[in-house]
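Each chain gets a letter, A, B and so on, in the order the sequences are listed, and its residues count up from 1.
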Protein chains: 4
Amino acid sequence: MLKFGLIGAGRIGRIHGANVHARPGAELVAVADFDLKAAQAFAAETGAEAMSSEAILNSSDIDAILICSPTDTHAHLIETAARAGKAVFCEKPVDLSSDRVKTTLQVVEAAGVPLMIGFNRRFDPSFADLHKRLRAGAVGEVEIVTILSRDPAPPPVAYIERSGGLFRDMMIHDFDMARFLLGEEPVDVQAFGSSLVDPAIGKAGDVDTAVVQMRTASGKLCQISNSRRATYGYDQRIEVHGSKGMLRAGNMHKTTVELATGAGLTIDPVQDFFLQRYAEAYRLELGAFVDALSGGAKPSPSGIDGLRAQRLADAATESAKSGKPVQISLD
Amino acid sequence: MLKFGLIGAGRIGRIHGANVHARPGAELVAVADFDLKAAQAFAAETGAEAMSSEAILNSSDIDAILICSPTDTHAHLIETAARAGKAVFCEKPVDLSSDRVKTTLQVVEAAGVPLMIGFNRRFDPSFADLHKRLRAGAVGEVEIVTILSRDPAPPPVAYIERSGGLFRDMMIHDFDMARFLLGEEPVDVQAFGSSLVDPAIGKAGDVDTAVVQMRTASGKLCQISNSRRATYGYDQRIEVHGSKGMLRAGNMHKTTVELATGAGLTIDPVQDFFLQRYAEAYRLELGAFVDALSGGAKPSPSGIDGLRAQRLADAATESAKSGKPVQISLD
Amino acid sequence: MLKFGLIGAGRIGRIHGANVHARPGAELVAVADFDLKAAQAFAAETGAEAMSSEAILNSSDIDAILICSPTDTHAHLIETAARAGKAVFCEKPVDLSSDRVKTTLQVVEAAGVPLMIGFNRRFDPSFADLHKRLRAGAVGEVEIVTILSRDPAPPPVAYIERSGGLFRDMMIHDFDMARFLLGEEPVDVQAFGSSLVDPAIGKAGDVDTAVVQMRTASGKLCQISNSRRATYGYDQRIEVHGSKGMLRAGNMHKTTVELATGAGLTIDPVQDFFLQRYAEAYRLELGAFVDALSGGAKPSPSGIDGLRAQRLADAATESAKSGKPVQISLD
Amino acid sequence: MLKFGLIGAGRIGRIHGANVHARPGAELVAVADFDLKAAQAFAAETGAEAMSSEAILNSSDIDAILICSPTDTHAHLIETAARAGKAVFCEKPVDLSSDRVKTTLQVVEAAGVPLMIGFNRRFDPSFADLHKRLRAGAVGEVEIVTILSRDPAPPPVAYIERSGGLFRDMMIHDFDMARFLLGEEPVDVQAFGSSLVDPAIGKAGDVDTAVVQMRTASGKLCQISNSRRATYGYDQRIEVHGSKGMLRAGNMHKTTVELATGAGLTIDPVQDFFLQRYAEAYRLELGAFVDALSGGAKPSPSGIDGLRAQRLADAATESAKSGKPVQISLD
């Protein structure tokens, strides 16, 4: 039985904690949060114990740590947990600074502990199935990857200001999907960003609408577009054009109901946001982490995956500012 | 070059006439109509000559007759044309009385001329493709045929009164499709009819909403439903459930445009009515008639197809009135 | 906290039991099964106690009984539980004999306990949403209800022989949906049944492919078709044609992945069978039962709903045998 | 009656010629082609006269010229026709050199004759409807335009070599659609091109797979992707994300037939190529030209539209070569 400690009992922490709780072979034994009451409440729901993050990290009884606290605590917590010999699952990103990410990964490497980064979309059943078929050759060689990703509504400006910007905060998921699907590292990045949704986001120095295109060494191409607003719900679509065909995966609608009137045929809106859309992905992601730990395999996506997506986000951020293409070096 | 005379220059007559005019190897040479001006106008458009129907039937210059006049003139015109040795294309039905249809077919048989009945749906590209795949075994043995057919709006009551009733006037097309798809004759018919759309239709002794189910000798089943009103356009769908899968063909939308908003994803309404939906079917139907005449083949659907669909309509009319199932005898 | 006892720890019993276990405000305290080991295993998983059904029915500690045992035990268990003053949730059907159902409902009525029948499809999110919009007038007056329902593969003949026949065993769900959607009782029933899937089913005196049509007193119409085999998965679709438009709800596909090649655009098959397709429906159904008990409301669908669907199944069985329409009397 | 002369009786010339022939109010009177027999054959089909292009340009009897000859003759023919006072419809592009295009437009301007450029996609019923709804505010302000465009198979390398390259030959249509949909001029262009489909195309100095992104002065964004090969047919899709929703329009499938088996639900492939997909667009395009001439309105898309799309193609060609973004100046 793998014993887990959860650090951070907010929205996403409670999802991962509940998934551990529900999984045979895994047990949530400890919960920490800056807000002690939140930790206690969630501990009560899951039969765990509320304790400080230090206590969790020092407990010889705990095998694995779930890091779901604010971004600026991630790198330090990962390093501490690694030094304590614990397996780590950390929500993206490891840190807003790629250099700091690199340092942290060295600590993890030295400690020899497993580290998994929370790129949940890889585990979405439709995206995972598309990826599996792609690797099995269903459309031959990958040529163009197209990713459309839109949030229903922008977060508060206070969040934006600490987020690292759209490319690091939102498009990072798409960069990870791009790498996952291309099967090759992008080496050239071009980006445009605009502030079309909320002028306050522009004032805060960020963009809310952006497009990126990338090229790999062998010439495979990728386009990504993001908007912080979609009136019609959480829009998450990918498409892969290959030498032998095309694969795509799209949105989940709330129901299958269709209404036909003189105005046309209307289908339900898509699911609201990531908690609904990716509920199953979060469950499968945690399961993959537990399975990797149980089976002694290296969990994936790895810390390196986290670093490389981050570097693409850095490059896009730079390109959107300078108006110039940016070349990626991987080492 | 096959020379055609058109009798009846109304809406459907002009469609067939224009299709002859546009077809290489066929020529529209004469047009008749009770309304002489209508005949003259359409003759002018197509380079044909306006003349009486008698003159058309007697002209030694004309090879084939298109009968698009009112229903109560069909049987007499077919017989006269057959005796004059002309090939005949006649809009459905031959006559509202199956006995009269039988007599007419005997005249045609004796004269040895080709006769084709205008069951246009068999030529709809989607329905024709479905039929072709069905016969090629794409879904194995046919087990259940489902036909949904709805007009956008009811015709005037004056039309209803002379129409022979919903089963003979509207559902006759579905009976023909049922026979076409089942590949076997239905032997038992059950029907329910209601007047839900327009009380005046009920007062006129007809129904405007109806369901029918049929069984063939080997046990294949078919369900048909009709409504004289569909707010969302002309609804024409068929579905065939077989031992190895299911084939279906549906409506054509006006465009491919989709609008996504908070209210959902809305697709354009379906095409308005039969002139739009079946424009291509009419073209292909006429082409099949010309090809059959040119190649010396028997045109299909034949007069017997017309008679058998009519008998199913008779049976459904009787079943809807008596509340009892009706058995069909084919001879 | 409502305390539940489960009688029958087979496939469907374990689903309901797990849904009780997961629901705040409800607790599974006891499990019975003819197979004691099955009861013990499921009790261990859910923290309940394995005991005999008699013990459960006599326990003063238990508020509500879930009856998931074989059909021929339902009526007796409902009556015993009712006399013991317990709320009852029973899988359909109460009994294969409508007369026996009637007697049982009288016992429940006399005891004044709540009874809910497991017509799970009413709780499918898409079907429930369609029903809600229908009642809110989204398509005006209901005119034609069309229900297509196909199982992926037939059950063993041994099951068929004890099932009461296709109309009572499989189409009963569609009869319930028909009543639910029509909003009016059907009064006339016509049926055809065939044995096309498995000759052994025909030898056992049952059919495996069937169509039914029904009419209500006001003339609303309904068509249902069933097959015991669908190579493409569990096919469950409903469509309601009304005076102001059409509502329909269809199948859930396994993923949203689409593959485009020269062979066309291929979408994933539909979900395999009822355990996948209706997993959410089962969860919501049990929740509705718990809510009704907690709030003092009468649970729905009621015993009367069970009886009336059964009578439609009886009528269809009779019509399919005699070839004649059957009139329903409701009292 | 407007009298037309056609220069170039190849594939596209015959389409435009037939559309003139079929249109009331317009008449095809003369046909020229380097291949005299081709001109004679098409003239015979349409009741026109075969003559030299010089004779057509000098004929006082001809009101309008359709230029469908090879690209390198366009500019000269437009200028000659303009000086002769004739209205001109010219297939894209006016010339592969934007400078030459500019000169030609000055000649047209000086002559004061109407000039329309054959950007047929603007007239596709679905794209035109999308554009109309966009301008009517259906999705608020335009924010991101996404255009996916793939040919079924690459043209011969001999064609590629004289084509001006993918951006000027193929993506030019998408640049025109981008301008049409954005409602604002792009000012910054970034491009990547690869040779993934056919190495011979790369050897010829061209690319066969490309992505472009553009930004307007107000920050609206656009992404385009092209491939010279799509195994699944002619892929032509556009999508506009706006402040109040999303509009998209997609491919036309050959039929509506769907086949469901254990392998999934398969829809027909999309229509083969531009002659099928855009048949209706060509008809409407020619009609718009005739209507503009008849009504004295300026035809659209204009010569300026041709020039501006060309400049975007030039910029993309340069960016794909240099790896750097290119700024567009409009004057």
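Proximity to chain A at a heavy-atom threshold of 4.5 Å picks out C:K244, C:G245, C:M246, C:L247, C:R248, C:A249, C:G250, C:N251, C:M252, C:T255, C:T256, C:V257 from residues 229-257 of chain C, in numerical order. Interface with chain A: from residues 122-129 of chain C, residues C:P125, C:S126, C:D129 qualify, criterion being any non-hydrogen pair under 4.5 Å.
Ranked by heavy-atom pairs under 4.5 Å with chain A, the first of C:D268, C:V139, C:T261 is C:D268.
Within the 4.5 Å cutoff, the side chain of A:K92 has heavy atoms near those of the A:I172 side chain. Side-chain atoms of C:D63 and C:L2, non-hydrogen and from C-beta on, do get closer than 4.5 Å to each other.
For the residue pair A:R150 / A:S225, a side-chain donor-acceptor distance below 3.5 Å is found, with atom types taken as modelled.
Using a cutoff of 4.0 Å between basic side-chain nitrogens and carboxylate oxygens, C:E184 and C:R179 are not scored as salt-bridged. Checked for salt-bridge contact, A:D291 and A:R23 meet the test: a charged N lies under 4.0 Å from a carboxylate O. Of the charged side-chain nitrogens involved, none lies within less than 4.0 Å of a carboxylate oxygen, so that A:D176 and A:R121 do not count as a salt-bridged pair.
Rounding to the nearest 0.5 Å places CG of A:N120 at 4.0 Å from OH of A:Y282. Note: A:S149 OG to A:H173 NE2 = 8.5 Å, rounded to the nearest 0.5 Å.
With a threshold of 4.5 angstrom between heavy atoms, C:I267 does not approach chain A through any atom at all.
Taking every heavy atom of both residues into account, C:C68 and C:I12 meet most closely at CB-CG2, 4.2 Å. Between A:C222 and A:L182, the shortest heavy-atom contact is CB-CD1, 4.0 Å.
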